[in-house]
Amino acid sequence: MGRWELSGETAGWLGALWGKSAGKAGGTANLLISHMLDTAAVAEVMWDEYLPPVTRRRLDAVAGGRGRGRLLFVWLCGVHDLGKATPAFQHMDAAGAAAVRAAGLRWNEYAVGGGKKWRHDRAGGRLLRKLLAEAGWLEEQTAWVWPLVAGHHGTFPTVGDLAPPKKNEEFQGRGAAWQGAQKALLEVFSREIGFGGECPLAKVQPCEVPPRVVQLQLAGFVVMADWIASNERHFHGIADLAQVSLEGARKRARVAWSALELRGGWGQLDLPGPESFQDRFGDGPRQSQQMVLEAVRRMGGPGLVVIEAPMGEGKTKAALAAAEVLAARSGADGVFLGMPTQATADPMFTQVRSWLGEIDRRLADQVALLHGKRIFNKEWRALLGGADGIDSFSAEDCYGSVGEDEYGMTWSFGEEEPEPQRRGPSEWFLGRRRGLLSPFAVGTVDQLLQAATRTKHVMLRMAGLVGKVVILDEVHAADVYMSQFLLEGLRWLGQAGVPVLLLSATLPPEQRRDLVMAYLAGAQSAEILPEVELPQPEGYPNVTAAWLGEDGPRLLVNSTDSWREDLKVEVRVLDEPAADPEGEDPSGPTAETVAEYLEDQLVDGGCALVIRNTVDRAQRTFEALRAKFGDQEVHLLHGRLHAGHRADRTVAVLEALGRRDDGRSRPQRMVVVATQLAEQSFDVDADLLVTDLAPIDLLLQRIGRLHRHDGNPRPPRLTHPTVVVTGLRRAGGGVPWLLRASEGIYGRYPLLRTAAEVIRADGGKWSIPGQVPELVARVYGSDRIVPPEWAEEESTARKAWNEKRSKRRETAAPYLLVRAGEHGQPTLEGLHYGGRGVLRDAQMEALVRDGDPSVEVILVRRAGEGYRAMTGRALGPNGETAAELLDDVLTGTVRLPAKLTAAVEQHALGPLAGWRDHPWLRYGKALELDEQDEARLGGCRLRYDDQLGLVVTGRP
């Protein structure tokens, strides 16, 4: 072939080797060299329009000079399917196999087609190791490159895994013809994309070995380029070698990129000036916010910043402003902001969009919302064009998915042509596992935690994080199990030099140290946490910054005063009534006690917040209060309300008790009963707080809802903030009785120590927020703070607590991205050894969040011969759901108590018959309610009450 100066025999080989069968390439087979060039052309566009500046700079250094990084990146992406040039792959399509055999590339059909499988990704890794060694590559360079090919279908094998079945080289291709074809394919491809000379492979060899996290990021981009180039709509098959060219591939790639509306982030930001905070948020920075900005400007490189400040101080604005500084200095091209829950992610989505709109109005529409309930977010739906219904978009699994068969063959399906200039992030980014690839994203912290798991296609998640600024809010909410994944994620981000901002009302000293040292260990690619003395902040709010300087780890710790004066919060204990002989939760009497107390305190009006640690207690308290105050003045919020009720009530409570800039008056009297939903990022202002005992940091979070906003009028009795603590009963100086349910959630040891502080303060006052660090340090410290009479009980509780924490760490260890002792490994070889493989979203969530798994169901009402949604609208006889009814059906989504998970599996709850072909509902689990809104499940009686939510009685 003249253009490539190929012999007739070589042209015959390359003109026969196929990469996509006709059935997977739009009706015409796509030659392997064509698909490799298509992928390379996509990689060129990714480099020019998507890769973060910091990534381009790193790859230039790895490749040996400015401009060489682009060539290396394109080569790495395009070479991914080299392993398809083997009999193990070529025999799988009858028409393609016949053409290959006719070109002189033969195999033993019995050996290759005898039932044994040999995946082309591993075949590619084996073949690449051989060819690169022949081209004179150094072993250390070959060692990090071949896993990118061998792992491009989601998992990284060991060298030992590269041996074909029974070590039969027939799968790889025996004889001179196969070896010549494989070498020619790689050399022609390398020469076509820009590596010239007699030995183009030698020219490809990098000059440096990149850090392992950069290798993982590259692996994610290889997968991204492959998946885009597998879109048969834009990359139809080319079976004639004469029609194959890089220029043709470039035209296809540019059309695909434009049609899919893929784009990068903000590019290289200019360093923001002192006026930028005012420009972004409308007000100048508070003293604590200025402290954060000064700290990040003093840092000698990208690093970790821990911001601790009281509720309402403006930590988020400080973090967003700091993110601009860090991005400008590091070359980061976007932001991921992780929140502890779906409910807290939604308002943050709005805030981040507003901030980005002030930087560049076009950026506001490029923010992806990443959590399983985003379909209920009206702002998200409007952004994707679904404000009046959700028929315009579907579940994550329906966004441009990529199929994969047992041999590792991929093909793209399900991608609809978007409307020109469509608002919102590209739908391609919204496919499963791809959300973090969107340049701007807000979601739950699970997104980062999942990037620290040894699961299939984890490289896509890490590629989405590296090159961004990462902000995590409410980091104190991570328990010891979740913290293992958080610490592992920080190690990888530290190695990548990703700027990370961690926000918290306050952190126990040990937790702060663990977070900082995990990042610094990663920055040094060290297995053991560095022996660095971390100074404790002397005041509050405070900031801790850590980065790796030329001479080792560097630290900066500073503090300042809050913009608000301390509140003198009166602390009172409202003892629980005596428990029954079985030690059960005395919710009924307790509810009456609370109702009587509030009836007295709210006689002149006022707004009270009651936080219960369990749904059952919240429901019973609500009923007792409703009997005192009526339906209009008492509101209930908890996790067993169906999605529609929960969303509506949350909005109503926030409108009534949230920040009021429009001059509207507060309710004359209102009581909100809630579970832990009101603990984090719940911007309400209560005159009075009644709360079950919780560990001190969470208790202080709850206190943050008291007298939160200045200027609100308060009844005479409630002009001074008061917290009333329930869930315990004093014992005349002896060990107090603690609510068993609370111990099950939080552990006896931290509750005992918190109880000691609460009882000591009973009748006195805490100075909030000034006293917050002191209280947290005391409870989570090692000093004896309980009365002598409690010492033996505390010792027993501490032992059990430490044993449980150790066990939970051990439980998380097998699922962490890197096994213990291997953080210093130089390559990705064997990274997935012993990993979890393919997991559905619910399984991923369970993997990174400890505790008994729970299940969501969709409530439907049985109505005669058919069904009705919880809104009352009729469905088809078998539950058939028209597009305009989907909202009504999904409104009925509710999470069952964990004790019913086994019953759901036993009864095999699944979709209604009419849902099985529906893109959203086919994975749903329908729970049918009778005419009384009741159902039986696992020995329990379930009843949905429009006021109480799901009421569960009985035991499985």
Side-chain angles (χ1 to χ4, degrees), residues 342-343 346 371-378 380-381 386 388-391 393-396 615 619 636-652 675 677 841-842 854-898 900-901 903-904 907-938 940-953:
Q342 296 170 352
D346 282 347
H371 65 67
K373 290 294 182 298
R374 63 185 177 184
I375 194 172
F376 297 109
N377 184 292
K378 294 180 180 178
W380 172 249
R381 286 163 49 180
D388 299 321
I390 52 179
D391 56 300
F393 62 101
S394 187
E396 283 193 354
V615 173
Q619 288 173 329
L636 178 63
L637 269 176
H638 59 73
R640 276 190 234 153
L641 294 166
H642 70 55
H645 283 160
R646 179 171 164 178
D648 291 344
R649 292 188 197 179
T650 300
V651 169
T675 54
L677 295 178
D841 291 345
S854 58
V855 176
E856 281 190 335
V857 297
I858 301 174
L859 302 178
V860 292
R861 291 185 170 114
R862 191 77 185 162
E865 297 300 318
Y867 299 92
R868 289 186 180 274
M870 294 303 287
T871 59
R873 299 186 69 182
L875 308 178
N878 296 307
E880 292 87 352
T881 302
E884 64 271 15
L885 295 178
L886 184 55
D887 235 352
D888 296 80
V889 171
L890 291 175
T891 283
T893 303
V894 67
R895 187 169 292 276
L896 298 180
L900 291 175
T901 299
V904 170
H907 288 264
L909 291 187
L912 297 178
W915 294 355
R916 296 191 184 279
D917 294 325
H918 194 286
W920 250 100
L921 300 177
R922 63 185 173 186
Y923 301 118
K925 300 181 186 297
L927 181 62
E928 300 179 27
L929 304 178
D930 61 20
E931 291 80 359
Q932 286 74 45
D933 279 346
E934 294 184 359
R936 292 276 178 178
L937 187 64
C940 291
R941 173 173 170 260
L942 283 67
R943 175 175 60 89
Y944 194 85
D945 182 281
D946 284 344
Q947 293 296 320
L948 295 174
L950 190 68
V951 181
V952 180
T953 54

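Below, each value reflects all heavy atoms present in this structure, side chains not excepted, and no hydrogens, waters or symmetry copies.
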**Q** With no hydrogens and no angle check, is any side-chain donor or acceptor of His638 less than 3.5 Å from a backbone partner on Leu948?
**A**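 Side chain of His638 to backbone of Leu948, a donor-acceptor pair under 3.5 Å: yes, one is there.
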
**Q** Please examine the side chains of Thr901 and Leu896, heavy atoms only from C-beta on, and report whether any two atoms are closer than 4.5 Å.
**A** no

**Q** A side-chain contact here means heavy atoms from C-beta on lying under 4.5 Å apart; do Leu942 and Leu950 qualify?
**A** yes

**Q** For Ala343 and Arg646, which heavy atoms make the closest approach, and how far apart are they?
**A** CB-NH2, 4.0 Å

**Q** Start with the C-alpha gap between Lys378 and Val651, add the side-chain angles, then the distance that decides, and say whether side-chain contact (heavy atoms from CB on, under 4.5 Å) holds.
**A** CA-CA 12 Å; Lys378 294 180 180 178; Val651 169; over 6 Å; no

**Q** Taking all heavy atoms of Arg922 and all of Arg916, pick out the closest pair and write down the distance.
**A** CB-O, 3.4 Å

**Q** Check whether the side chains of His371 and Asn377 place a donor and an acceptor atom closer than 3.5 Å, and report yes or no.
**A** no

**Q** Yes or no on side-chain contact (heavy atoms from CB on, under 4.5 Å) for Thr650 and Leu637, after CA distance, side-chain angles and deciding distance?
**A** CA-CA 7 Å; Thr650 300; Leu637 269 176; 3.5 Å; yes

**Q** Is there side-chain contact between Leu921 and Leu912, with heavy atoms separated by less than 4.5 Å?
**A** no

**Q** Can you list everything that forms a ring-ring contact (aromatic ring centres under 6.0 Å, His included) with His918? Sequence neighbours excluded, please.
**A** none

**Q** Is the shortest side-chain heavy-atom distance between Glu856 and Arg895 below 4.5 Å?
**A** yes

**Q** Distance to the ring centre below 6.0 angstrom and angle to the axis at most 45 degrees; does that hold for Arg862 and Tyr867?
**A** yes

**Q** His642 side chain to Gly644 main-chain N or O, any donor-acceptor pair under 3.5 Å?
**A**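 At least one qualifying donor-acceptor pair exists.
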
**Q** Is the shortest heavy-atom distance from the side chain of Leu929 to the side chain of Met870 under 4.5 Å?
**A** yes

**Q** Counting C-beta onward and ignoring hydrogens, is there a side-chain heavy-atom pair between Trp915 and Val860 closer than 4.5 Å?
**A** yes

**Q** Is there side-chain contact between Leu636 and Gln947, with heavy atoms separated by less than 4.5 Å?
**A** no

**Q** Answer whether the closest heavy-atom distance between the side chains of Val904 and Leu937 falls below 4.5 Å.
**A** yes

